[in-house]
Q: 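Supplied in structure tokens, the structure appears directly below.
First the proteins, then the strands, lettered A, B, ... as listed; each starts at 1.
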2 protein chains.
Amino acid sequence: MTATYREIKADLLGQISGGRWPPGSLLPNENDLAQSYGCARATVNRAMRELAEEGIVERKRKAGTRVRMSPLREARFEIPLVRAEIEGRGAAYRYALVRRSQMSAPPWLRARLDLPPEAPVLHLECVHFCDDLPYQLEDRWINLTALPQAAKQCFDIQGPNEWLVQTVPYSDAQISFAAVGADPDVALQLGCAAGDALFQTERSTWWQGRAITFVRLLFQPGYRMSARY
Amino acid sequence: MTATYREIKADLLGQISGGRWPPGSLLPNENDLAQSYGCARATVNRAMRELAEEGIVERKRKAGTRVRMSPLREARFEIPLVRAEIEGRGAAYRYALVRRSQMSAPPWLRARLDLPPEAPVLHLECVHFCDDLPYQLEDRWINLTALPQAAKQCFDIQGPNEWLVQTVPYSDAQISFAAVGADPDVALQLGCAAGDALFQTERSTWWQGRAITFVRLLFQPGYRMSARY
DNA sequence: CAGTGGTCTAGACCACCAT
DNA sequence: TGGTGGTCTAGACCACTGC
């Protein structure tokens, strides 16, 4: 007869999706639910807190717990390392550095990363191969003021992505996805036709309030990113 | 000196990103941490559980809590209703139904949704406008065996998305993003050039183990989807 | 087997905020 | 201002799993 928080959560979710509490309606309070499930209030609290984190219900002190009107649901995507993504499929991974240069940050990058004028940055262009076919282009910019060690790194063998992960393990990031047409230079490097639709992700990374790096990734035509939610 | 779980979580995260516990290393166990923070074990447990949910650490019974080697991090994207997305920007939203037909599910759809042969489906093609410019094309397929009510719905005024949200509020879904080139028909409807790179999302939705609907959304050129993580 | 995290309890105090 | 959720406690038992 002991109800676990998982059981309570599943039961509540079943009753919500079954229509017992329609969107916008009020659920009983924690004390009443605890009594009817025959458990402690903390157990009900955990079940309802998780439903709230998942966007199913909305909780307010004094106002109680309501089923959300518009299902503000979110999808979660894993952001894998390219190497892991490719090797995880049983394919061979290869990495190549195409160009490397050090310069002052161009204006568009200064705006993105909130850098001062003349900020020194390292620019890297890399290709990641899957079974010897170009899979992903990496256009990487590293803020040398925040990460001066990067200037000494050669990046011939290890890609900047993996190096950064080791060096600055846990940081904040902003990411965006878009579709772009392949320009002739990109098409040549990816082995596709100019104008092909490519999946692009851009990511800015910050650590302790300072911009670390910006990267633009272009995937081979046909790439998909998927998730359950 | 009462430490809250938020403070403990922030402190642990700070020490991890500061390098005190490098990737792969073992954190103290819950009892020791509780003692050093001067709080109950449940408080430490919640802090570390949330760090685990966020992909920062990895926990195993008996083995303890370790900082993750590869930062298996995930991005969260909100999946808004088109109407909310457009009106949220202060633009005018308009919806139009372009085509509506009832038929047996074509083979590719049967495969996607695991439908039996001859399964009746409703096919809807819609356009969502933002300030009278085409913003999103919706190519919607509804399984009439699971949702016979849909056959009686006219969908002239209310789009299928909003109707479905009201009718089947909480369901499982699989979603994927890709970049595709606009074919001539799509280009005409979106008011762009044929071949333009378009952001596409596809979603299959299930409820209680049965396929409900499949939808393919095409966005106007230049659309971006973004998130923090 | 023994150590670790996973969960539950019964009670308490508090912050918030709709009425 | 009273009802609601948010959090913490001290203790307990259990499940898993590396040794």
Q: Who pairs with B:Arg224 by salt bridge (Lys or Arg N to Asp or Glu O under 4.0 Å), at least two apart in sequence or on another chain?
A: A:Glu202

Q: C:dG6 base to A:Arg6 side chain: any donor-acceptor pair below 3.5 Å?
A: no

Q: Out of C:dC8, D:dC8, C:dG5, which nucleotide sits closest to the side chain of B:Thr65?
A: C:dG5

Q: The side chain of B:Asn45 is closest to which nucleotide in this list: C:dT9, D:dT9, C:dT7?
A: C:dT7

Q: In whole angstrom, what separates B:Glu58's CD from C:dG6's C1'?
A: 17 Å

Q: Could you pull out all residues at least two apart from A:Arg83 that satisfy salt bridge (Lys or Arg N to Asp or Glu O under 4.0 Å)?
A: A:Glu87, A:Glu162

Q: Can you tell whether the side chains of B:Glu30 and B:Arg59 come within less than 4.0 Å, N to carboxylate O?
A: yes

Q: Roughly how many Å is it from OH in A:Tyr37 to C1' in C:dC8, rounded to a whole number?
A: 16 Å

Q: List in chain and number order the residues that pass salt bridge (Lys or Arg N to Asp or Glu O under 4.0 Å) with B:Arg46, two or more places apart in sequence or in another chain; answer none if no residue qualifies.
A: B:Glu50

Q: May I have the distance from A:Asn29 (atom CG) to D:dT4 (atom P), rounded to whole angstrom?
A: 5 Å

Q: Once you round to the nearest 0.5 Å, how far does CG of A:Asn31 lie from CG of A:Asn45?
A: 10.5 Å

Q: How many whole angstroms separate atom OH of A:Tyr5 from atom P of C:dT9?
A: 13 Å

Q: Which residues pass the ring-ring contact (aromatic ring centres under 6.0 Å, His included) test with B:Phe129, not counting sequence neighbours?
A: none

Q: Hey, does the side chain of B:Asn31 come within less than 4.0 Å of C:dT4's phosphate (OP1/OP2), counting only N and O?
A: no

Q: Using the C1' atoms of five pairs at each end, what's the angle between the two axes of the helix from C:dC1-D:dG18 to C:dA18-D:dT1, to 10 degrees?
A: 20°

Q: Please pick, from C:dG6, C:dT9, D:dC8, the nucleotide with the shortest atom-to-atom distance to any side-chain atom of B:Thr4.
A: D:dC8

Q: Rounding to a whole Å, what distance do you find between B:Arg46:CZ and D:dT9:P?
A: 13 Å

Q: How close or far is atom C1' of C:dA10 from atom CD of A:Glu30, stated in whole angstroms?
A: 15 Å

Q: Could you work out, with salt bridge (Lys or Arg N to Asp or Glu O under 4.0 Å) as the rule, every residue matching A:Arg94, not counting sequence neighbours?
A: A:Asp132

Q: With a cut-off of less than 4.0 Å, is there a side-chain N or O of A:Arg59 near OP1 or OP2 of D:dT4?
A: no

Q: Produce the list of close N/O pairs, under 3.5 Å, pairing protein atoms with atoms of nucleotides 14-19 of chain D; give distances to one decimal.
A:
from	atom 1	to	atom 2	distance (Å)
D:dA15	N3	B:Arg61	NE	3.2

Q: Going by the salt bridge (Lys or Arg N to Asp or Glu O under 4.0 Å) test, which pairs reach into residues 145-158 of chain A, not counting sequence neighbours?
A: none

Q: Taking side-chain hydrogen bond (donor to acceptor under 3.5 Å, both in side chains) as the test, write out the residues that go with B:Tyr95, two or more places apart.
A: none

Q: Taking atom C1' of D:dG3 as reference, at what distance in whole Å does atom CZ of A:Arg41 sit?
A: 11 Å

Q: Tell me: CZ of B:Arg49 to P of D:dC8, nearest whole Å?
A: 11 Å

